[in-house]
Amino acid sequence: MLSIAQKLTEVTEQAFSALGLPPEYARVTVSAQAETAQFQCNGAMPCAKAAKKNPRQIAEEVIEKLRAIDGGKVFAALSVGGPGFINMTVTEDFLTAHLAALAKDTRMGCPVLSPDGEFIVLDYGGPNVAKAMHVGHLRSSIIGDSLRRLLGAAGYVVIGDVHLGDWGTPMGMLIADYLDKQEDSVIFTNYDPSRPDEVERLMNDMVERYPKAAARFKEDEAFRAKAHFHTKQLQDKEQPAFGMWQIIREVSKIAMEKNFLALGVRFDLWKGESDAHDFIAPMVEDLKRKGIAQESDGALVVPVAREDDKKEVPPLILLKSDGAVLYGTTDLGTLVDRMQENKPAKIIYVVDQRQGLHFEQVFRAARKGGIVPDSVELIHAGFGTMNGPDGKPFKTRAGGVMKLEDLIAMGVEKARERLKEAKLAEDMPPAEKEDVAHKVAIAAIKFADLQNNRVADYVFDLDRLTMFEGKTGPYLLYQAVRINSLLKKAAEQGALPAETFILQEPERRLALLLCEMPDHIALAARNYAPHILCDYAYKVAQEFSSFYGNCHILSETNEGLRGSRLALCALTHRHLQVILSLLGIQIPERM
RNA sequence: GAUCCCGUAGCUCAACGGAUAGAGCAACUGCCUUCUAAGCAGUAGGUUGCAGGUUCAAGUCCUGCCGGGAUCGCCA
């Protein structure tokens with residue numbers, strides 16, 4: 001379904017073409033000043049020079065043309081403002097008809113950006129096996145999951161891949177440490193995946209052991225040799241390393257799933273670096289044969305520098321001088337896999353901005369090596385560094401990293417307190433109350449994170465993350481739940497939403513805002529920018545709240561008006577539901 | 001040193017090159033005897049880091065400077 005602005009753009013394009021003006025200037029947008037008009041087109045001004053005319057005169061001509069084409073059906077008012085803005089206001093009939101169509105639209109106002117359903121591989125989350133998930137995984141997971149939903153709603157077929165860090169030397173280190181300490185191997189021989197306590201015990205043990213093993217690896221040469229030995233053993237899929245790794249991976253996955261479930265973040269694929277392994281050797285051979293991979297200082301590299309580079313782009317190292325692979329190699333191997341398996345139109349990485357150069361190298365090498373053709377877009381949708389309130393990289397008070405589950409638990413605890421204070425959810429059964437607290441907490445955390453511009457650095461502020469007033473997730477839930485409760489109450493009284501809209505001044509602003517949804521979804525999808533959705537959701541909630549505060553609905557005696565207002569409530573609720581679902585935020589039935 | 005990102009209200013952030021730069025928090029004033037006050041209505045708060053330039057129009061594009069962060073071959 002098109003937005004009103006899009007519909008008006010189409011008409012205005014006709015007018016521009018008829019006047020011999022370039023139609024790409026005909027774009028209509030929501031007016032910057034609501035007092036003046038509902039919509040505006042700025043196209044007359046850039047046309048002025050080429051047409052050698054006064055922009056206001058061009059605007060007048062466009063308006064005349066629009067009137068002739070339209071015949072009074074769409075435009076209620078057209079005028080020239082300032083240096084040559086074309087101000088537009090639509091007729092009441094047009095607006096109410098658009099609303100009625102919107103209410104029946106099965107796509108809920110989502111635009112179609114990929115009519116053929118092109119495939120997108122979306123790489124996000126990326127937690128490491130044998131480590132606890134921490135706040136550092138929050139952004140990638142939340143943004144990635146939102147993009148999965150958003151691009152999916154816009155018509156793409158999205159394949160979300162968690163891309164685990166589950167391969168290489170870190171695994172060898174851990175395995176070597178276990179084998180070194182005989183008493184611990186018992187954990188593996190007795191491992192029973194059906195026993196949650198066993199699984200948890202092993203996970204906790206790995207989390208504790210990992211940093212110690214890493215420290216040993218640094219200091220102890222003999223241990224380093226063992227770690228390398230078992231890394232090789234793992235890569236050759238030999239025992240015992242391979243079997244132990246399978247358990248390590250499985251246990252870690254269970255722990256991760258718990259975290260992702262709590263966050264409401266989902267994936268279509270649980271692949272990892274290990275899945276790239278089988279593609280690497282043939283790929284390296286192929287790159288050597290093509291002469292793209294070259295020897296340099298004992299390593300095998302793919303030079304990716306270009307003459308017009310402003311900066312120095314170092315070559316991508318395929319094989320270290322000791323023959324081991326690096327993560328650039330793994331990423332290339334993963335690309336081989338994805339190209340064969342998923343045939344995507346785009347591959348998007350939701351990874352920290354600091355890895356920008358790395359992806360630049362990988363993308364260039366992939367093009368150069370013929371792994372990914374130019375027709376497939378490679379995108380690093382990076383996000384800013386997560387800092388503490390002091391502007392420095394985030395640390396807990398104790399100086400460590402905060403576990404993701406601790407963060408969520410804190411949010412839920414705070415949500416419980418606030419529900420109690422606000423006397424919400426009072427008469428609910430305990431299970432439902434707990435569910436509401438969880439939804440409120442997740443809404444708070446996700447919205448606080450997603451509302452930031454993706455590329456900017458990010459101040460990780462616990463107080464802000466668990467805020468419930470103002471521009472927050474819980475505010476949006478609160479508004480949505482209020483609407484739901486109102487609609488239920490109305491239905492009990494036999495008052496139902498009408499199919500035709502009657503708009504008075506208080507609700508027209510809300511109605512116009514609802515019609516904007518396709519524009520915001522398209523903009524967010526094209527820029528991989530969930531914060532645009534956050535902004536829009538907040539505006540809708542705020543506008544509804546204003547309407548709600550100014551118009552009493554159930555006591556309205558004019559039945560048509562009451563029905564129209566209820567329909568507007570229903571439409572608003574559905575809009576909030578759609579946008580919030582694109583953000584990965586669930587609305588409770590009541591609270 | 002080179003390159004990239006960022007610099008907007010006291011704080012946290014918005015603003016497809018377009019009209020009078022907007023929100024939230026914090027501060028202040030009102031509003032619960034009608035649908036959920038996690039709310040609503042309002043007040044106050046700005047030389048968009050600085051200086052030039054391009055443009056009918058610059059927070060936005062270009063150049064230079066200042067400040068902060070990040071990255072720059074065998075870690076991921």
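Here is the naming used below: chain letters follow the sequence lines, and residue numbers restart at 1 for every chain. Not measured: the values here are computed from a predicted model.
- Going from atom NE2 of A:His520 over to atom CD1 of A:Ile579 covers 8.5 Å, rounded to the nearest 0.5 Å.
- Comparing B:G22 with B:A15, their P atoms are spaced 14 Å from each other, to the whole Å.
- Under 4.0 angstrom from either OP1 or OP2 of B:G69 there lies no side-chain N or O belonging to A:Thr385.
- Atom CD of A:Gln57 has more than 12 heavy atoms from other residues, nucleotides or ligands within 6.0 Å.
- As judged by a 4.0 angstrom heavy-atom cut-off over every strand, A:Thr29 is placed among the base-contacting residues.
- Here A:Leu486 lies in heavy-atom contact (under 4.0 Å) with a base.
- Side-chain proximity of A:Met467 to B:A14, B:A37, B:G24: nearest is B:G24.
- For A:Lys539, no side-chain nitrogen or oxygen approaches OP1 or OP2 of B:A14 to under 4.0 Å.
- For B:G52 and B:A44, the C1' atoms lie 35 Å apart once the distance is rounded to whole Å.
- In summary, A:Lys539 and A:Glu516 do not engage in a salt bridge, as defined by a charged side-chain N under 4.0 Å from a carboxylate O.
- Using a 4.0 Å heavy-atom distance criterion, A:Asn527 is classed as making no nucleic acid contact.
- Counting any heavy atom pair closer than 4.0 Å across all strands shown, A:Gly549 reaches no nucleic acid atom.
- With B:C4, B:U36, B:U71 as the choices, the nucleotide that has an atom nearest any side-chain atom of A:Arg482 turns out to be B:U36.
- In terms of phosphate contacts, A:Asn453 brings a side-chain nitrogen or oxygen within less than 4.0 Å of OP1 or OP2 of B:A14.
- Applying the 4.0 Å criterion to OP1 and OP2 of B:A14, one finds that A:Lys471 has every side-chain N and O outside that range.
- Within the cation-pi definition used here (under 6.0 Å to the ring centroid, within 45° of the axis), A:Arg418 does not qualify as a partner of A:Phe468.
- Counting non-hydrogen atoms under 4.0 angstrom, A:Leu357 reaches the backbone sugars and phosphates but no base.
- Backbone-only engagement by A:Gln479 is indicated by non-hydrogen atom pairs under 4.0 Å involving sugar-phosphate atoms exclusively.
- For the pairing with A:His380, the ring-ring contact (aromatic ring centres under 6.0 Å, His included) check across A:Phe359, A:Tyr124, A:Phe363, A:Tyr528 returns one residue only, A:Phe359.
- Below the 3.5 angstrom threshold, one finds a donor paired with an acceptor across the side chain of A:Asn87 and the base of B:A19.
- Looking at heavy-atom distances under 4.0 Å, A:Cys534 makes no contact with the nucleic acid at all.
- In the region residues 311-319 of chain A, proximity to RNA chain B at under 4.0 angstrom, judged on heavy atoms, holds for A:Lys311, A:Pro315, A:Ile317.
- Each of A:His552 and A:Tyr475 was assigned the nucleotide of RNA chain B with the nearest heavy atom; the assignment lying further toward the 5' end belongs to A:His552.
- Distances from the side chain of A:Tyr548 to the nucleotides B:U20, B:G18, B:C35 place B:C35 closest.
- Nearest to the side-chain atoms of A:Ser545 among the listed nucleotides B:U71, B:U36, B:G39 stands B:G39.
- Residue A:His531 places at least one side-chain N or O under 4.0 Å from the OP1 or OP2 atom of B:A15.
- Using a 4.0 Å cut-off, no side-chain N or O of A:Tyr478 falls inside it from OP1 or OP2 of B:C40.
- Under 4.0 Å is where a charged nitrogen must lie from a carboxylate oxygen, and between A:Arg354 and A:Asp352 at least one such pair does.
- Proximity of A:Ser546 to the phosphate of B:A41: a side-chain N or O atom is located under 4.0 Å from OP1 or OP2.
- Checked by atom type and distance alone, the side chain of A:Ser146 never pairs as donor or acceptor with a backbone atom of A:Ile142 at under 3.5 Å.
- The pair A:Lys488-A:Glu492 does not meet the salt-bridge criterion, since no charged nitrogen lies less than 4.0 angstrom from a carboxylate oxygen.
- Taken residue by residue, residues 44-62 of chain A places heavy atoms nearer than 4.0 Å to RNA chain B at A:Met45, A:Pro46, A:Lys49.
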> What would the secondary structure line of RNA chain B be in dot-bracket form, counting Watson-Crick and G-U wobble pairs under 3.5 Å, with [ ] for pairs that cross earlier ones and | for pairs with another strand?
Replying inline: (((((((..((((....[...)))).(((((.......))))).....(((((..]....))))))))))))....
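- One distance of note links OG1 of A:Thr472 with CG of A:Leu465; it measures 11.0 Å at 0.5 Å rounding.
- Remark: the separation of the C1' atoms in B:A37 and B:A9 is 27 Å, to the nearest Å.
- Phosphate contact (OP1/OP2 of B:G24, side-chain N/O of A:Gln542, threshold under 4.0 Å): present.
- For the pair A:Arg139 and A:Tyr458, the cation-pi test (distance below 6.0 Å, angle within 45°) is passed.
- An aromatic stacking contact links A:Phe85 with the base of B:A19, defined here by ring centres under 5.5 Å apart and ring planes under 30° from parallel.
- How far CE of A:Met133 is from CE of A:Met256: 7.0 Å, rounded to the nearest 0.5 Å.
- Separation of atoms CG (A:Leu332) and CG (A:Leu318) is listed at 6.5 Å; rounding is to 0.5 Å.
- Using a 90° window around 0 for the glycosidic torsion, B:C32 falls inside it and is classed as syn.
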